[in-house]
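Notes for the one structure printed next.
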Amino acid sequence: MDESSGIIKEIKEKVKDLRAKGFNLYPSGFRRDITVEEVVRRFGKMDNDELKEIPNNFTMAGRVMSIRDFGKAVFIHIKDGTGKLQAYIRRNRVGDDNFEIFKFIDIGDHVGLKGQFFRTKTNELTLLASSVVLLTKAQCPLPEKYHGLVDVEIRYRQRYLDLIVNDNVRHTFILRSRIIQTIREFFDKEGFIEVETPMMQSIPGGATARPFKTYHQSLGIDLYLRVAPELYLKRLVVGGLEKIYELNRNFRNEGISTNHNPEFTMLEFYVAYATYEDLMDLTEELLLYLLKKLFGQLTIKYQGNLIDFKTPWPRISLTDSLKDIGGIGENVLFDNKALRDFAKSKGIELEDNEESGRVLAKLFDHIVEPKLIQPTFIIDHPIQVSPLSRRKDDNSEIAERFELYIGGKEIANAFSELNDPDDQRDRFLKQARLRDAGDEEALFMDEDYIKALEYGLPPTAGEGVGIDRLVMVLTDSPSIRDVILFPQMRKK
RNA sequence: GGGCCGUUAGCUCAGUCAGGUAGAGCAGCGGACUUUUAAUCCGUUGGUCGCGCGUUCGAUUCGCGCACGGCCCA
């Protein structure tokens, strides 16, 4: 910020002046005994006569959001973490000395107030102050009161301003917190335990994605920020932790968009002696639990679409979805050359000799995914794009896998886990060949993980849920940056 | 990575098409006002027009490049 700009310079001079006069602009130790929310709850329905009957004085604190000055009396609005309340400060009530000091207080300052409640002529519940104190002097002006803060760059870089001024933003992040809290409640209720596995991994695994790399000085080794906790969680299932979940950050060194942030929050959970079909049921239960708990209903609006979570949700195979939703004929779907030509005609980039399974997945992302507005399970993915999934017993080219789509976004990805160590080694070797051929997203060989499988991973199903995207859907947010407090930005 | 759009006062925005160093509202400052709430009324301060180079007598305006942001595409 330009320190020499007019308004900030004026405030700094005022601060200097007040300090010279001996005012403590940052006093400690003020305590409140009631919040705005509590005031509204306790007194919101009382009329003036009832309010007069309350004998106590109350002490409140908040940030000054507006000032309407009448000379010998002033109305202000203060905002605390729970809401906004009007206060009325009258010279003959607080006394001349206090009133003079109060006149130094500006919009943006934190104040402490003592007083009782009454209703104004326009029936607004208001604190009639008997004293006011400055708690914190603001040295930068707040954004304008009417239009608020619109500039998205400032909103993201200085999120605190966004939170002060834009109530809907505050509500989004409060709801985010409640969603995460409710998810934990659900898994706890279902008998899961929450675990924490390494964020710094010497072999990054569990997802096809490019990792961030770092270096540990005293060990002298490269480490990677995890792209997924998956392989560690499955090691825990080998260890006999049969129902586990982890809800924390992943890091992927990839592009930034309305649906991608380099660090994002992922829920992963694993259930021993279960299949991907069991997890579809459990996923429906989880979402219904969230919807009922948070909204008390099973429909929400997302970006103009009404989304109905009533179960059961359709379970459509990936190839059927390409046929029925994507409108692609069987003659194209099941003919490698025709399929490749079709994909290219849609502007999709393909590697030389890219396998049909991978082409199908790319076509799906491009054509079908944006159309899946209502909750939909897409099942039975090609094995080539599912290197950690179990094969179907009756079709070795298809994985026991599903992805959940809502609002045109991939929300969850799950499968029956591949627990055959020899098959897993073959899949890793294939991934290693892709990596050698230049695919930076391909999986690394992880012998230590295979060793864990050799001790015996029971038949297990696991799932990952993109929490940020889920929060986007549940808070009607168009961009992932609207649900991450400090989204990644370029250095200014 | 490519295309398009944006960047003007603390904030929200005009102005730039047709080059002559900028306006409004809110905020700020001074004053009036003891039930206002986008308070009102009178007066008033505030800008290296994102940065750099070029064209020009003269650039916020035109051209090129860069930075940051947004949307779309890959």
Side-chain angles (χ1 to χ4, degrees), chain A residues 1-15 17 48 51 63-79 83-96 99 102-109 115-129 137-162 164-166 254-260 303 343-351 362-363 365-367 369-370 408 440 477-482 487-492:
Chain A
M1 187 165 293
D2 183 4
E3 292 292 313
S4 66
S5 71
I7 191 165
I8 290 165
K9 204 172 165 187
E10 274 179 33
I11 297 174
K12 303 267 180 202
E13 275 164 17
K14 185 172 185 175
V15 163
D17 183 50
N48 249 331
L51 289 169
R63 188 189 290 273
V64 177
M65 298 305 290
S66 62
I67 297 177
R68 290 176 294 284
D69 190 339
F70 287 81
K72 295 188 181 66
V74 182
F75 287 96
I76 65 175
H77 267 106
I78 61 160
K79 194 179 201 176
K84 213 161 149 181
L85 189 79
Q86 181 169 259
Y88 186 42
I89 296 101
R90 249 173 27 190
R91 174 169 220 136
N92 64 1
R93 181 110 190 165
V94 300
D96 289 350
F99 197 72
F102 165 70
K103 286 280 185 159
F104 295 128
I105 286 168
D106 295 299
I107 291 172
D109 294 352
Q116 292 172 305
F117 299 99
F118 77 111
R119 284 187 183 279
T120 63
K121 279 179 182 168
T122 53
N123 207 37
E124 179 161 345
L125 185 63
T126 299
L127 176 76
L128 179 61
K137 187 75 200 159
Q139 299 200 26
C140 282
L142 288 183
E144 195 226 348
K145 61 183 171 184
Y146 188 57
H147 296 93
L149 182 65
V150 175
D151 185 325
V152 287
E153 190 169 351
I154 303 178
R155 287 185 46 222
Y156 298 151
R157 288 188 196 274
Q158 295 174 266
R159 182 69 89 178
Y160 48 91
L161 290 179
D162 199 21
I164 291 168
V165 171
N166 295 326
E254 292 165 356
I256 296 175
S257 76
T258 44
N259 282 313
H260 297 86
Q303 300 297 294
K344 282 180 184 162
S345 77
K346 291 287 171 187
I348 296 169
E349 274 181 36
L350 299 179
E351 304 293 324
K362 284 183 176 179
L363 265 176
D365 290 349
H366 198 255
I367 293 172
E369 174 169 342
E440 290 191 77
S477 301
S479 168
I480 198 167
R481 299 181 198 99
D482 296 326
Q488 197 60 49
M489 302 286 274
R490 271 174 219 277
K491 213 173 145 191
K492 187 137 178 151

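Throughout, protein chains are lettered first and strands after them, A, B, ... in sequence-line order, and every chain is numbered starting at 1. All values reported here derive from a predicted model rather than from experimental measurement.
A close approach under 4.0 Å does occur between a side-chain nitrogen or oxygen of A:Arg157 and OP1 or OP2 of B:G69. Proximity of A:Arg490 to the phosphate of B:G69: a side-chain N or O atom is located under 4.0 Å from OP1 or OP2.
Distance, A:Asp69 CG to B:C42 P: 17 Å, rounded to whole Å. The interatomic distance linking A:Tyr146 (OH) with B:C13 (P) rounds to 13 Å, in whole Å. Between the CD atom of A:Glu144 and the P atom of B:A14 there is a distance of 14 Å, rounded to whole Å. What separates CD of A:Gln158 from P of B:G69 is a distance of 14 Å, to the nearest Å. The nearest whole Å value for the distance from the CE atom in A:Met489 to the C1' atom in B:A67 is 13 Å. Atoms CD1 (A:Ile8) and P (B:C11) sit 8 Å apart, rounded to a whole Å. Rounded to an integer number of Å, the gap from A:Ile154 CD1 to B:G50 C1' is 12 Å. Rounded to an integer number of Å, the gap from NZ of A:Lys492 to P of B:A67 is 14 Å.
Across all strands shown, B:U44 forms a Watson-Crick or G-U wobble pair with B:G28, both key distances being under 3.5 Å. B:G69: Watson-Crick or G-U partner is B:C5, with both key distances under 3.5 Å. Pairing for B:G19 is absent, judged as Watson-Crick or G-U wobble with the two contacts each under 3.5 Å. B:G52 is paired with B:C64 under the Watson-Crick or G-U wobble criterion, all donor-acceptor distances under 3.5 Å. Both distances falling under 3.5 Å, in either a Watson-Crick or a G-U wobble arrangement, occur for no nucleotide opposite B:A59. Nucleotide B:U36 forms a pair with no other nucleotide shown, judged by Watson-Crick or G-U wobble geometry with both contacts under 3.5 Å.
Nucleotides B:U45 and B:C33 are separated by 23 Å at their C1' atoms, to the nearest Å. Using P as the reference atom, B:U21 and B:U16 are 15 Å apart when rounded to the nearest Å. A distance of about 40 Å separates the P atoms of B:G2 and B:G23, rounded to the whole Å. Between B:G63 and B:G20, the distance separating the two P atoms is 15 Å to the nearest Å. Spacing between B:A59 and B:A18 at atom C1', rounded to whole Å, works out to 15 Å. With both ends at atom P, the span from B:G43 to B:A22 equals 23 Å, rounded to whole Å. Taking atom P in both B:C11 and B:G28, one finds a spacing of 15 Å when rounded to whole Å. For the P atoms, the distance from B:C53 to B:U60 is 12 Å, rounded to whole Å.
Of the candidates B:U36, B:G10, B:C29, B:G10 carries the atom nearest the A:Pro141 side chain, counting heavy atoms from C-beta on. Among the nucleotides B:U12, B:U35, B:U36, the one closest to any side-chain atom of A:Arg90 is B:U35. Of all nucleotides listed (B:U45, B:C13, B:G10), B:C13 comes nearest to the side chain of A:Val150. Taking every side-chain heavy atom of A:Pro143 into account, B:C11 is the closest of B:C11, B:U34, B:U36.
Projected onto RNA chain B by closest heavy-atom contact, A:Lys121 and A:Leu142 fall at different nucleotides, the more 5' of which corresponds to A:Leu142. Each of A:Asn92 and A:Lys491 was assigned the nucleotide of RNA chain B with the nearest heavy atom; the assignment lying further toward the 5' end belongs to A:Asn92.
Using a 3.5 Å distance cut-off with no hydrogens or angles, the side chains of A:Glu144 and A:Tyr146 do not pair a donor with an acceptor. A:Asp151 and A:Tyr156 share no side-chain donor-acceptor pair at under 3.5 Å.
Side chain of A:Asn48 to backbone of A:Phe118: no donor-acceptor contact under 3.5 angstrom is found.
Listed by chain and residue number, A:Ile348, A:Leu350, A:Val359, A:Leu363 satisfy the side chain to side chain contact (heavy atoms under 4.5 Å, CB included) test with A:Ala343 (two or more places apart in sequence, or in another chain). Residues forming a side chain to side chain contact (heavy atoms under 4.5 Å, CB included) with A:Lys121 (at least two apart in sequence, or on another chain): none. Residues passing the salt bridge (charged side-chain N to carboxylate O under 4.0 Å, His left out) test with A:Asp69 are A:Lys103, sequence neighbours excluded. Residues satisfying the salt bridge (charged side-chain N to carboxylate O under 4.0 Å, His left out) test with A:Arg68, not counting sequence neighbours, are none. Listed by chain and number, the residues in a salt bridge (charged side-chain N to carboxylate O under 4.0 Å, His left out) with A:Lys362 are A:Glu354 (sequence neighbours excluded). Scored by the side chain to side chain contact (heavy atoms under 4.5 Å, CB included) test, A:Gln116 finds A:Asn57, A:Arg93 as partners (sequence neighbours excluded). Taking the salt bridge (charged side-chain N to carboxylate O under 4.0 Å, His left out) definition, one finds that A:Glu351 meets it with nothing, sequence neighbours left out.
Backbone-only contact: A:Gly148 has heavy atoms under 4.0 Å from sugar-phosphate atoms and none from a base. A:Lys14 comes within contact range of the sugar-phosphate backbone alone, with a heavy-atom separation under 4.0 Å but no base atom that close.
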Nucleotide N/O to protein N/O under 3.5 Å, stretch nucleotides 1-8 of chain B:
none

Identify each atom pair where a protein N or O and an N or O of nucleotides 71-74 of chain B are less than 3.5 Å apart, giving names and distance.
{"unit_1": "B:C71", "atom_1": "OP2", "unit_2": "A:Arg481", "atom_2": "NH1", "d": "3.3"}
{"unit_1": "B:A74", "atom_1": "OP1", "unit_2": "A:His366", "atom_2": "NE2", "d": "2.8"}
{"unit_1": "B:A74", "atom_1": "O3'", "unit_2": "A:Gly347", "atom_2": "O", "d": "3.2"}
{"unit_1": "B:A74", "atom_1": "O2'", "unit_2": "A:Glu349", "atom_2": "OE2", "d": "2.9"}

*Could you check A:Asp17 against A:Lys14 for salt bridge (charged side-chain N to carboxylate O under 4.0 Å, His left out), going step by step and ending with a plain yes or no?*
CA-CA 5 Å; A:Asp17 183 50; A:Lys14 185 172 185 175; over 6 Å; no

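Stacking of the aromatic ring of A:Phe70 onto the base of B:C33 is not found under the criterion of centres within 5.5 Å and planes under 30°.
Annotation for A:Ile11 and A:Ala138: closest pair CG2-O, 3.7 Å, computed over non-hydrogen atoms.
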